[in-house]
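Scroll down for the structure; my scribbles are underneath it.
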Amino acid sequence: MKDELDNREERVANLKGMGCSRKRVEDARFTQGKGNYVDDIKLDGMLFGDFVRSPYAHARIKSINTEAALQVPGVLAVLTAADLAPLGLHWMPTLAGDKQMVLADGKVLFQGQEVAFVVAEDRYAAADGIEAVEVEYEELPVIVNPFESLKSDVVLREDLDPKAPGAHGPRKHHNHIFTWEAGDKETTQEVISNAEVVAEESMYYHRTHPCPLETCGCVASMDKVNGKLTLWGTFQAPHAIRTVVSLISGIEEHNIRVISPDIGGGFGNKVGAYPGYVCSVVASIVTGKPVKWIEDRMDNLMTTAFARDYHMTGKISATKEGKITGLHCQVVADHGGFDACADPTKFPAGFMNICTGSYDIPTAYLEVDGVYTNKAPGGVSYRCSFRVTEAVYFIERMIEVLAIKLNMDAAELRRINFIKKEQFPYKAALGWEYDSGDYHTAWDKALKTVDYEGLRKEQAERVEAFKRGETRKIMGIGLSFFTEIVGAGPVKNCDILGLGMFDSCEIRIHPTGSAIARLGTISQGQGHATTFAQILASEIGLPADSITIEEGDTDTAPYGLGTYGSRSTPVAGAATAMAGRKIRAKAQMIAAYLLEVHDNDVEFDVDRFVVKGAPERFKTMKEIAFAAYNQAIPGLEPGLEAVSYYDPPNMTYPFGAYVCVMDIDVDTGVPEIRRFYALDDCGTRINPMIIEGQVHGGLTEALAVALGQEIAYDDMGNVKTGTLMDFFLPTAWEVPNYETDFTVTPSPHHPIGAKGVGESPHVGGVPCFSNAVQDAFRPFGNTHTNMPHDHWRIWRTANELGLHS
Amino acid sequence: MSKKMHIQINVNGKDQEFLAEPRELLIYTLRERLNITGPHIGCETSHCGACTVTIDGKSVKACTMFVAQASGKSITTIEGLGDPDNLHPLQSAFKEHHGLQCGYCTPGMITRASKLLEENPNPTEEEIRFGMAGNICRCTGYQNIVKSIQAAAAEMNAAQEAAE
């Protein structure tokens with residue numbers, strides 16, 4: 001074959017490998033309305049299922065009468081717990097070692113809980129059927145506050161033995177779930193009580209929701225002839241879902257095919273297993289027809305996968321000069337009616353023990369108590385790796401509070417406490433080993449770019465102008481420096497339901513030099529089909545445009561734990577590189593055979609193997625691919641394929657430095673984001689365009705959470721934010737333009753040095769927006785106010801600080 | 001069940017005639033009856049814009065309009081804006097400028113943007129942000145959506161000038 005590209009640079013560019021802003025291959029179908037989302041799936045005779053939901057947050061169910069509903073035209077079946085009980089499917093295990101009712105078994109524990117499942121010919125008939133189901137409830141006392149719950153005589157979970165330990169150790173009270181500790185309690189308390197300076201603060205990280213634009217849903221199709229169940233759904237972890245379905249249904253795993261089609265955003269909402277999945281499967285078995293279940297937006301916000309809801313109390317100690325000596329963090333975690341948090345098994349509070357952040361804190365202690373209340377279950381990582389957002393918010397607020405106590409500049413306080421470059425790998429007080437970082441360089445670059453000193457001067461002048469009555473707008477400078485912990489994770493300490501959190505890639509090279517690679521992950525907008533092909537292009541020397549990436553079909557893809565917690569690039573990306581290297585190793589042998597030299601006498605060069613010292617003698621990867629299928633090479637099997645299951649040796653630790661400049665109108669409470677600068681270090685950069693897009697999106701979700709987005713309940717357990725009328729999703733009008741920047745500190749243990757980036761901007765962005773609001777009020781005596789900083793709460797802060805008088 | 005109504009609509013240039021219950025929503029007609037699945041359902045309360053279509057020259061959220069209200073009208077969805085060999089400039093621009101991620105909002109977003117550019121071929125960034133505020137995207141943070149619309153506008157204007 002003729003070598004068409006002589007120039008090496010041209011050959012590199014032709015690959016569209018790592019480091020280039022390759023346009024996305026996914027976009028052709030999405031821009032033309034040809035995406036294939038779960039609700040687009042239509043099968044012959046498909047039925048539609050929907051739930052009767054509880055209007056009460058806590059009630060006993062006296063009776064359920066389905067007779068009238070069954071008379072409604074188009075309604076085929078109504079399932080209740082009584083129907084599921086003989087199959088043992090009225091309850092299901094949660095990812096957190098608890099169990100959850102699939103359909104209300106005697107009582108309900110939160111508003112919107114699934115009570116009965118109506119199966120009908122279409123959505124309208126299902127809605128009519130729901131109206132006709134008669135449920136008699138007896139109201140019970142409602143508890144929506146976890147502190148009250150721990151004191152209450154009311155037993156929320158009557159199914160649990162109050163004295164028996166839970167999945168994570170002893171329980172202190174009938175509404176208590178677990179206590180989880182990390183660090184050295186005694187030394188930390190001693191350090192803090194003897195410290196020169198101690199700052200204390202209590203903060204509530206409110207409950208919110210990932211709210212992807214596409215809600216959760218599935219289509220279950222039981223083929224009774226072949227005994228095969230196919231389940232399409234919005235699953236962020238299709239393989240784990242297959243295993244869960246097998247374990248709870250008894251259907252052998254090889255007879256279950258789970259398919260995640262295109263997914264309209266996940267952000268953690270689509271990690272868990274929900275009653276809708278179980279009911280659809282049962283309904284398909286009962287009716288012998290495919291059954292679709294799709295949440296509406298209210299169902300979604302009220303029932304599947306809340307995030308956060310952490311009451312955090314901190315103490316931080318330091319020398320008079322500001323060197324931090326100790327950190328104490330106590331959390332009361334509201335988990336709702338069932339503990340359905342999506343965390344690795346050994347981490348019931350996720351990676352909250354990364355709460356020492358980016359700082360060299362010698363002593364620390366963390367204690368988290370999980371509590372049942374009459375709120376929806378969930379506790380997922382909303383665009384974050386297992387509670388890292390809570391941890392980073394906590395430490396970045398504590399730093400600010402300490403700066404106030406020390407009367408010190410918060411940027412300088414950060415700088416003198418950062419873990420130094422030479423300290424990596426750094427063993428943190430709460431157990432993690434940070435792989436790599438260069439925080440000072442990133443911080444200095446950020447502060448210099450935004451002219452931090454100039455901003456502080458401007459802010460001081462603004463305060464004076466405000467006091468003179470010349471303006472009604474005050475100015476805040478939000479700072480945050482975050483360290484993420486992503487890429488879960490090493491099988492030795494990370495599993496979900498006993499499944500190790502490795503990931504996988506399988507590659508097949510076709511004879512004419514194109515390829516297909518399948519992974520255990522699943523894209524929900526991250527652009528895997530684009531970026532994983534880029535990793536492979538660089539590793540195996542075939543153009544990314546000639547490589548198809550496929551995910552989400554458990555019948556064809558290798559087993560993997562899915563996409564959440566920024567784990568795709570750190571884990572499946574590593575598997576992709578490793579599988580690519582296996583391909584390359586075999587290709588080297590084929591090349592050497594074709595060139596009639598020893599294996600060690602050829603070396604890889606972009607898209608070919610060349611004879612060392614004789615670059616004019618080479619075989620391109622395309623030629624080698626063909627040879628793999630047409631030559632009988634002694635000692636080698638035909639074909640060119642590889643599989644890699646990658647168990648990461650450590651997590652990866654992306655970091656970043658963010659600055660937000662905000663003006664706040666004290667009379668309206670409206671914040672105006674004047675500038676937002678985001679520097680991210682995600683290690684090796686695979687596709688700068690996609691990284692930038694991820695940063696924009698993550699920052700916007702951070703803006704939402706910090707400035708208004710919440711799932712709020714009243715005292716009766718009614719959800720007050722159940723539609724997009726009340727639940728804040730920013731529009732183009734509220735969102736600023738972001739300035740993005742980067743440094744590159746590769747991960748030393750990752751095959752290509754990549755760390756993951758999708759969640760960093762959310763993790764770092766929330767404290768940055770919040771700190772901007774709080775910083776604006778700092779000159780007027782503010783230490784801390786809780787999020788979300790919506791207009792009313794900002795106005796209230798201004799009012800409480802006397803700025804309206 | 002209520003008496004069915006006789007509906008006549010034109011969708012993407014094709015006449016459609018059928019009987020439907022008065023309560024049938026337009027988005028249901030498009031997606032379930034006509035298999036036009038470009039427009040999506042995101043909220044069912046007119047907030048998110050994933051279901052945006054164009055009806056007789058106006059952007060409309062199909063999730064809160066009865067098909068009976070659309071009877072006699074012409075409807076354009078994302079499927080009617082361009083085809084693989086002849087993409088609408090917005091469809092190319094969204095790809096070129098990374099104006100989408102999960103793709104769920106994209107059909108509504110592009111359909112709305114096409115109307116916006118018809119009404120205002122030279123929008124400022126502020127006008128784009130205001131004009132697109134009825135369409136929510138959870139992935140992109142809008143920055144690249146704005147950029148995509150600006151690029152499409154420039155391209156459409158250049159093509160217009162060249163034609164004149």
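- Proximity to chain B (any heavy atom under 4.5 Å) is shown, for Asp39(A), by both the backbone and the side chain.
- Looking at Leu81(B), neither its backbone nor its side chain comes within 4.5 Å of chain A, counting heavy atoms on both sides.
- Smallest separation of non-hydrogen atoms from Lys34(A) and Glu79(B): NZ-CG, 3.9 Å.
- If you tally non-hydrogen atom pairs under 4.5 Å between each of Gly35(A), Ser523(A), Cys211(A) and chain B, the highest count goes to Cys211(A).
- Contact of Leu100(B) with chain A is made through backbone and side chain together, with heavy-atom distances under 4.5 Å.
- Looking at Asn135(B), there are no atoms closer than 4.5 Å to chain A (heavy atoms on both sides), in backbone or side chain.
- Of the two parts of Tyr738(A), the backbone and the side chain both hold a non-hydrogen atom closer than 4.5 Å to a non-hydrogen atom of chain B.
- Side-chain atoms of Asp40(A) and Arg31(B), non-hydrogen and from C-beta on, do get closer than 4.5 Å to each other.
- When side chains are defined from C-beta on, Cys43(B) does not count as touching Thr723(A), because their heavy atoms never get closer than 4.5 Å.
- In terms of modelled atom types and a separation under 3.5 Å, the side chain of Arg138(B) and the main chain of Pro210(A) share a donor-acceptor contact.
- For Tyr104(B) against Leu213(A), the heavy-atom pair with the smallest separation is CE2-O, 3.6 Å.
- When each of Met132(B), Met109(B), Glu126(B), His88(B) is checked for heavy-atom pairs under 4.5 Å with chain A, Glu126(B) comes out on top.
- Per-residue counts of heavy-atom pairs under 4.5 Å with chain B were compared for Ala28(A), Pro730(A), Ser21(A), Pro212(A); the largest is that of Pro730(A).
- Annotation for Gly265(A) and Cys102(B): closest pair N-CB, 3.4 Å, computed over non-hydrogen atoms.
- Two residues are said to be in side-chain contact when any heavy atoms from C-beta on lie closer than 4.5 Å; Thr140(B) and His696(A) fail this criterion.
- Checked against the 6.0 Å centroid criterion, the rings of Tyr124(A) and Tyr28(B) qualify as a close aromatic pair.
- Of the two parts of Tyr37(A), only the side chain, counted from C-beta on, holds a non-hydrogen atom closer than 4.5 Å to a non-hydrogen atom of chain B.
- Counting all heavy atoms, side chain and backbone alike, Asn144(B) lies closest to Gly693(A) at ND2-CA, 4.4 Å.
- Of the two parts of Gln524(A), only the backbone, made up of N, CA, C and O, holds a non-hydrogen atom closer than 4.5 Å to a non-hydrogen atom of chain B.
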Working for salt bridge (Lys or Arg N to Asp or Glu O under 4.0 Å), residues Glu32(B) and Arg123(A): CA-CA 10 Å; Glu32(B) 305 293 333; Arg123(A) 283 165 216 239; 3.2 Å; yes

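- Both the backbone and the side chain of Ile690(A) come within contact range of chain B, each with at least one heavy atom under 4.5 Å from a heavy atom of that chain.
- What you find for Asp27(A) and Phe94(B) is that their closest heavy atoms are OD2-O, 4.4 Å.
- Residue Ala133(B) touches chain A through both its backbone and its side chain, counting heavy-atom pairs closer than 4.5 Å.
- Between Asp122(A) and Arg33(B) there is no salt bridge, since none of the side-chain N atoms of the basic residue sits less than 4.0 Å from a carboxylate O of the acidic one.
- For Tyr142(B) (side chain) and Glu734(A) (main-chain N/O), no donor-acceptor pair under 3.5 Å exists by modelled atom type.
- At a 4.5 Å heavy-atom cutoff, the contact between Thr731(A) and chain B is made by backbone and side-chain atoms alike.
- Shortest non-hydrogen contact noted between Val735(A) and Arg129(B) is O-NH1, 2.9 Å.
- Ranked by heavy-atom pairs under 4.5 Å with chain B, the first of Gly33(A), Ala732(A), Pro736(A), Gly697(A) is Ala732(A).
- By the 4.5 Å heavy-atom criterion applied to side chains, Gln526(A) and Gln101(B) are not counted as neighbours.
- Most heavy-atom pairs under 4.5 Å with chain A: of the set Gly131(B), Gly141(B), Gly38(B), this distinction falls to Gly141(B).
- Taking the side chain as every heavy atom from C-beta outward, Glu96(B) and Lys23(A) approach each other to under 4.5 Å.
- Of the listed residues (Ile136(B), Asn35(B), Val146(B), Thr106(B)), the one with the most heavy-atom contacts under 4.5 Å to chain A is Ile136(B).
- Enclosure of atom NZ in Lys95(B) by more than 12 non-hydrogen atoms of other residues, nucleotides or ligands within 6.0 angstrom is indicated.
- Looking at heavy atoms from C-beta onward, Gln32(A) lies in side-chain contact with Gln91(B) at the 4.5 angstrom threshold.
- Top candidate by heavy-atom pairs under 4.5 Å with chain A, chosen from Cys137(B), Pro84(B), Pro107(B), is Pro84(B).
- Contacts between Leu729(A) and chain B at a heavy-atom distance below 4.5 Å involve backbone atoms as well as side-chain atoms.
- Here the straight-line distance linking atom OG1 of Thr31(A) with atom CD1 of Ile78(B) works out to 7.0 Å at 0.5 Å rounding.
- Enclosure of atom CG in Asp44(A) is not indicated, since only 12 or fewer non-hydrogen atoms of other residues, nucleotides or ligands lie within 6.0 angstrom.
- Of the charged side-chain nitrogens involved, none lies within less than 4.0 Å of a carboxylate oxygen, so that Glu44(B) and Arg297(A) do not count as a salt-bridged pair.
- At a 4.5 Å heavy-atom cutoff, the contact between Met725(A) and chain B is made by backbone and side-chain atoms alike.
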